[in-house]
*Asks:* 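Got a structure here, written out as structure tokens. Questions coming.
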Amino acid sequence: MDSLLNPVTATLAPYPMEELTLLGKALRQQGKTVYDFGTGDPTLPTWEPIRNELIKSVPTISQYPSVIGSETLRAAHYAYLKRRFNLSLGEEELYIVPAQGSKEAIFHIALCLVGRAGGRRKILYPDPGYPVYRTSALFAGGLPSPVTLKAEDNYLLCPWKLPRAQTQGAAAIWVNYPHNPTGAIADESYWRQLIAWCHQEDVILLADDCYVDLYSPLLDGVGAAGSPQTPLVYSRDRVLSFMSLSKRSGMTGYRAGFIAGDPRILKGFARARANFGLGQPSFIQAAAAVAWSDDAHVEARKKIFAERMQLAGKALQQWGLLDAIPQATFYLWCRVPKSARGDDLAFCRTLAHKGIVASPSSWLSEGIKGYFRLALVPSDEQIREALPILGGCL
Ligand SMILES: Cc1ncc(COP(=O)(O)O)c(C=O)c1O
């Protein structure tokens, strides 16, 4: 068997979210009521004009889409960046490539960066964090280099604090603010320091910005901008931002996003993508353009998640499992109760027996134990039902 697959594929662990889906399915088959806090998949309807545009846009004859997308979609991307971040730059200063959600873009960028600058192979990334930072580096022949995020650094990845041996040979660094799973947000001074470090060390800054629009309407304390920012606001030099409609508009099933940033990198990336077979279907492009062009439906989503964060966050604080309620994302990163003696896998198993699906930190990290993540995607009513059940497991 091992001789039929390369070592990276042969030794790959199951993808955590697939395990969670299977767990939910198994519980349902046992006839249990399932409260699925596992994967950050939406359960709210997609905004109707987006659905209508998709249906209207299915052509009689469907042809190969282009890698760089339609004029309408490109204009919608640039207009969004202008409205949301006050970025009004042309293609020569800020290039954009559409993506089929950010996951594939995160995966594929490694193919173009590993080996750059005289053979640099290392990719730095946050731990806990999105698993594809690591696996993309592995598949691209790179060297994954996880950096454990610490509460005392507000979960900010600070490469300047790392030993030289760890940062030497870095081709790129991933950061993700607002952060899955901790909900941490980066402020302007952090972005400026990180960008300065990247420029000094010639490291490409890869900002996974898929939660940038999912923050509390009451958020304050992130500087003059008053909302989470993309590092593109401060520099385009060696900076790429990965944007997605999955969380902003609850459109995980559409697979729609884009990468924006340094044209010297992204024009090469677009050339490479012509080989990947990743043009976005024209009807998805049309629906995505409608979604990027509207902010009202995003405001409504923000409000819903902010209320859920308060509802569940307060209960978890009372039980001593959560210090502060995050002001962004829809995740709660909680300590397992004392009774579980730091065993996140055992605690999540206990929850599963009661019908609650949560992600153990062992599945979302490379060795962080004693935490679990709740994605607040079940309905308000389900969250209200699930909380006392969870409280009964402590
Ligand atoms: C941090 C992070 N990055 C990227 C993604 C991928 O999202 P998508 O491919 O749906 O845009 C997710 C999905 O949950 C995520 O949590």
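Remember, it's 1-based here, ligands and their atoms both numbered in the order they're listed.
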*Asks:* Using a 4.0 Å heavy-atom threshold (strictly under), name the region of Lys247 that reaches ligand 1: side chain, backbone, both or neither.
*Replies:*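 It is the side chain that touches ligand 1; the backbone stays farther off.
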
*Asks:* Is Lys56 paired with Glu53 through a side-chain N to carboxylate O contact shorter than 4.0 Å?
*Replies:*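 Counted as a salt bridge, because a side-chain N and a carboxylate O are separated by less than 4.0 Å.
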
*Asks:* Among all the protein's non-hydrogen atoms, which is closest to atom 2 (C) of ligand 1, and how far away is it?
*Replies:* Asp208 OD2, 3.3 Å

*Asks:* With a 4.0 Å cut-off on heavy atoms, is Arg255 touching ligand 1?
*Replies:*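 Heavy atoms of Arg255 do come under 4.0 Å of ligand 1.
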
*Asks:* Is the shortest distance from a heavy atom of Tyr211 to ligand 1 less than 4.0 Å?
*Replies:* yes

*Asks:* Enumerate the atoms of ligand 1 whose separation from the nearest heavy atom of Cys210 is less than 4.0 angstrom.
*Replies:*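 The list of qualifying atoms is 2 (C), 3 (N), 4 (C), 15 (C).
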
*Asks:* Looking at side-chain heavy atoms only, is the closest gap between Glu104 and Arg273 below 4.5 Å?
*Replies:* yes

*Asks:* What protein heavy atom sits nearest atom 12 (C) of ligand 1, and how far away is it?
*Replies:* Tyr130 CE1, 3.4 Å

*Asks:* Could you tell me whether some N/O pair between Tyr133 and ligand 1 is separated by less than 3.5 angstrom?
*Replies:*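 No - when backbone and side-chain N and O of Tyr133 are compared with those of ligand 1, no distance drops under 3.5 Å.
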
*Asks:* Can you check whether Arg51's main-chain N or O pairs, donor with acceptor, with Thr46's side chain at less than 3.5 Å?
*Replies:* no

*Asks:* Where's the contact between Asn176 and ligand 1, heavy-atom distance under 4.0 Å: side chain, backbone, both or neither?
*Replies:* side chain

*Asks:* Could you tell me whether ligand 1 has any atom less than 4.0 Å away from a heavy atom of Thr252?
*Replies:*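 No; Thr252 lies far enough from ligand 1 that no heavy-atom distance drops under 4.0 Å.
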
*Asks:* Quickly, which of Tyr130, Phe37, Tyr211 forms a ring-ring contact (aromatic ring centres under 6.0 Å, His included) with Tyr331? Name it, please.
*Replies:* Tyr211

*Asks:* Just distances here: any N/O of Ser246 and N/O of ligand 1 closer than 3.5 Å?
*Replies:* yes

*Asks:* What pairs with Thr135 under side chain to side chain donor-acceptor pair (under 3.5 Å), at least two apart in sequence or on another chain?
*Replies:*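 Partners of Thr135 under the side chain to side chain donor-acceptor pair (under 3.5 Å) test: none.
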
*Asks:* Quick check against the 3.5 Å criterion: does Arg373 have a side-chain atom that pairs as donor or acceptor with the backbone of Cys334?
*Replies:* no

*Asks:* Excluding sequence neighbours, so at least two apart, what forms ring pair (Phe, Tyr, Trp, His ring centres under 6.0 Å) with Phe242?
*Replies:* Trp174

*Asks:* Any Lys/Arg nitrogen of Glu91 or Arg74 sitting under 4.0 Å from an Asp/Glu carboxylate oxygen of the other?
*Replies:* yes

*Asks:* Of the backbone atoms (N, CA, C, O) and the side-chain heavy atoms from C-beta on, which set of Thr39 has a member under 4.0 Å from an atom of ligand 1: side chain, backbone, both, or neither?
*Replies:* neither

*Asks:* Does ligand 1 have an atom that lies less than 4.0 angstrom from a heavy atom of Ile106?
*Replies:* yes

*Asks:* Please assess Arg84 against Thr230 for the test side-chain hydrogen bond (donor to acceptor under 3.5 Å, both in side chains), listing each intermediate value before the final yes or no.
*Replies:* CA-CA 10 Å; Arg84 172 68 172 85; Thr230 168; over 6 Å; no

*Asks:* Hey, which atoms in ligand 1 end up nearer than 4.0 Å to a heavy atom of Ser244?
*Replies:*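 The atoms of ligand 1 under 4.0 Å from a heavy atom of Ser244 are 8 (P), 11 (O).
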
*Asks:* Has Gly40 got any heavy atom lying under 4.0 angstrom from an atom of ligand 1?
*Replies:* no

*Asks:* Do Tyr125 and Pro146 have side chains that approach each other closer than 4.5 Å (heavy atoms only, starting at C-beta)?
*Replies:*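 Of all side-chain heavy-atom pairs linking Pro146 with Tyr125, at least one is under 4.5 Å.
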
*Asks:* Nearest protein heavy atom to atom 7 (O) of ligand 1, by residue and atom, and its distance?
*Replies:*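 For atom 7 (O) of ligand 1, the nearest protein heavy atom comes out as Ser102 OG, 3.4 Å.
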
